[in-house]
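Contents: one structure, followed by commentary.
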Amino acid sequence: MPRYAIQTEEGYVIVDVESGDLAFQHVVIGERSAIEEYGHATMLNHSTGETVKVFVEAVKATREFAIRLLRE
């Protein structure tokens, strides 16, 4: 599964994409509660209009921690 870091006001959310597509600089919109907890979440890729299903691996991560998770 592709893994992405999504920048939020409170840090980074690390997600594994289960279905749909994300790319660098895409804007995604989701329920705030969905990305504040670990587990499955559904978001709208505002850049493409496509629904994206993800598994949230980390929330409120620092930039350094997000980079480390992306390399794993």
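Along the sequence shown, the residues carry numbers beginning at 1.
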**Message:** What verdict does the side-chain contact (heavy atoms from CB on, under 4.5 Å) test give for Glu57 and Arg3, after you've listed the backbone C-alpha separation in whole Å, the side-chain angles of each residue and the deciding distance to 0.1 Å?
**Reply:** CA-CA 9 Å; Glu57 291 287 340; Arg3 180 170 280 183; 3.6 Å; yes
**Message:** Return the NE2 to CG distance between His46 and Leu44, rounded to the nearest 0.5 Å.
**Reply:** 7.5 Å
**Request:** Check the pair Val17 / Met1 against side-chain contact (heavy atoms from CB on, under 4.5 Å), numbers first and verdict last.
**Result:** CA-CA 6 Å; Val17 177; Met1 278 186 252; 5.9 Å; no
**Prompt:** Same cluster for Tyr4 and Tyr12 if Ile/Leu/Val/Met/Phe/Trp/Tyr side chains link at under 4.5 Å?
**Reply:** no
**Item:** Audit row: Asn45, Leu22, side-chain contact (heavy atoms from CB on, under 4.5 Å) steps and yes/no
**Value:** CA-CA 7 Å; Asn45 184 331; Leu22 288 179; 3.9 Å; yes
**Asked** Should Tyr38 and Val52 be regarded as members of a common hydrophobic cluster, given that ILVMFWY residues are connected when their side-chain heavy atoms come within less than 4.5 Å of each other, either directly or indirectly?
**Response** yes
**Request:** For Val56 and Ile14, run side-chain contact (heavy atoms from CB on, under 4.5 Å): C-alpha distance rounded to whole Å, both residues' side-chain angles, the deciding distance at 0.1 Å, then the answer.
**Result:** CA-CA 6 Å; Val56 178; Ile14 308 302; over 6 Å; no
**Item:** Gap between atom NZ of Lys60 and atom CD of Glu9 - 0.5 Å precision
**Value:** 11.5 Å
**Asked** Which pair of heavy atoms, one from His26 and one from Ser47, lies closest together, and at what distance?
**Response** CA-OG, 3.3 Å
**Asked** How far apart are the closest heavy atoms of Glu18 and Val54, and which atoms are they?
**Response** OE1-O, 3.7 Å
**Request:** Quick one: pull up CZ in Arg68 and CZ in Arg63 and give me the separation to the nearest 0.5 Å.
**Result:** 14.0 Å
**Prompt:** Got a second to check how far Thr42's OG1 is from Ile29's CD1, nearest 0.5 Å?
**Reply:** 14.0 Å
**Asked** For the atom pair CE (Met43) and CD1 (Ile6), what is the distance rounded to the nearest 0.5 Å?
**Response** 4.0 Å
**Message:** Just verifying a value: how many Å separate Asp16 CG and Leu69 CG, rounded to the nearest 0.5 Å?
**Reply:** 9.5 Å
**Asked** What is the minimum heavy-atom distance between Ala5 and Ala66, and which atoms define it?
**Response** CB-CB, 4.4 Å
